[in-house]
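Note sheet for the following structure.
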Amino acid sequence: MAMQDTAPRPRVLLTKSFIDSHDRAIATIALALRDAAMEVVLIDYEQPEDVVTVALQEDVDVIGLSFMSGGQVETTEKIVAELDRREVADLPVVVGGIIRPFDVAPLEAAGVKEIFRAGAPLADVVATFERLSRAYRGLA
């Protein structure tokens with residue numbers, strides 16, 4: 001009889017602003033993560049603080065933020081600050097989408113664990129979410 005992996009499935013939150021009507025990319029990522037046996041919570045948020053509220057309610061291991069219409073630095077900084085305020089600053093945040101080259105350094109300075117610009121290979125995205133999830137749970 002083969003041993004079964006008893007580790008819980010990685011649980012991730014994927015989100016974008018409710019005013020951003022571009023959802024094809026985030027839906028593609030959600031399907032890829034689901035196909036890799038992850039539990040995916042997919043929401044649109046109104047305020048950056050909503051992301052942290054849902055992340056805590058859903059007990060996720062990684063937050064993925066999608067940006068197709070700008071505002072990524074300011075919004076991400078607010079989300080990271082809210083994670084810190086709620087004493088979960090170690091919850092990893094990943095950013096993807098239309099990320100301008102000059103936004104990479106401020107996003108990294110805000111504490112983002114990984115940045116995926118348009119066209120990133122799905123396999124890399126999936127591997128990153130898996131790695132960050134395992135690390136967050138202390139399984140790395």
Under a 3.5 Å distance rule, please check whether [X] uses its side chain to pair with a backbone N or O of [Y] as donor and acceptor.
| X | Y | answer |
| --- | --- | --- |
| R11 | E39 | no |
| R86 | L56 | no |
| T15 | I43 | yes |

> Does any non-hydrogen side-chain atom of D50 lie less than 4.5 Å from one of Q47?
Replying inline: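 A side-chain contact exists here, since the closest heavy-atom pair is under 4.5 Å.
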>> With heavy-atom distances below 4.5 Å as the criterion, would you say the side chains of P10 and R137 are in contact?
In response: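 Result yes, sub-4.5 Å side-chain heavy-atom pair found.
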To the nearest 0.5 Å, what is the distance between [atom1] ([X]) and [atom2] ([Y])?
| X | Y | atom1 | atom2 | value |
| --- | --- | --- | --- | --- |
| D84 | I79 | CG | CD1 | 14.0 Å |
| E130 | L139 | CD | CG | 9.5 Å |
| D23 | T28 | CG | OG1 | 9.0 Å |
| L83 | T76 | CG | OG1 | 10.5 Å |

> Under the criterion side chain to side chain contact (heavy atoms under 4.5 Å, CB included), which of L13, V52, T75, V54 is the partner of Y45?
Replying inline: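 Testing Y45 for a side chain to side chain contact (heavy atoms under 4.5 Å, CB included) against L13, V52, T75, V54 leaves exactly one candidate, T75.
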>> Out of the candidates V104, V112, L107, only one should pair with V73 under the side chain to side chain contact (heavy atoms under 4.5 Å, CB included) rule; please name it.
In response: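 Option passing the side chain to side chain contact (heavy atoms under 4.5 Å, CB included) with V73: L107.
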Which heavy-atom pair separates [X] from [Y] by the least distance, and what is that distance?
| X | Y | result |
| --- | --- | --- |
| I63 | A55 | CD1-CB, 3.8 Å |
| A110 | V80 | O-CG1, 3.1 Å |
| A118 | I98 | CB-CD1, 4.0 Å |

> With a cutoff of under 4.5 Å between side-chain heavy atoms, which Ile, Leu, Val, Met, Phe, Trp and Tyr residues group with L132?
Replying inline: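 Once heavy-atom contacts under 4.5 Å are chained together, L132 belongs with V12, L14, I26, I29, L33, M38, V40, L42, V62, V94, F116, L122, V125, V126, F129.
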> Any side chain to side chain donor-acceptor pair (under 3.5 Å) pairs touching residues 102-114, not counting sequence neighbours?
Replying inline: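 The answer is Q72-D103, R100-D103.
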> Can you list the residues that meet the salt bridge (charged side-chain N to carboxylate O under 4.0 Å, His left out) rule with R117, with sequence neighbours excluded?
Replying inline: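 For R117, no residue satisfies salt bridge (charged side-chain N to carboxylate O under 4.0 Å, His left out) once neighbours in sequence are set aside.
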> Under a single-linkage definition using a 4.5 Å side-chain heavy-atom cutoff for Ile, Leu, Val, Met, Phe, Trp and Tyr, are V88 and V95 assigned to the same hydrophobic cluster?
Replying inline: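 Yes, one cluster joins them.
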> So if you build clusters from Ile, Leu, Val, Met, Phe, Trp, Tyr with side-chain heavy-atom gaps below 4.5 Å, do V51 and M68 land together?
Replying inline: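 No, because V51 and M68 fall into different hydrophobic clusters, even though each may have its own neighbours under 4.5 Å.
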>> Show, in sequence, the C-alpha distance, side-chain angles and deciding distance for K16 and L65, and conclude whether the side-chain contact (heavy atoms from CB on, under 4.5 Å) test is met.
In response: CA-CA 6 Å; K16 65 175 191 60; L65 307 172; over 6 Å; no
> Does the distance from a Lys or Arg side-chain N to an Asp or Glu carboxylate O, for K78 and E74, drop under 4.0 Å?
Replying inline: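 Answer for the salt bridge query: yes.
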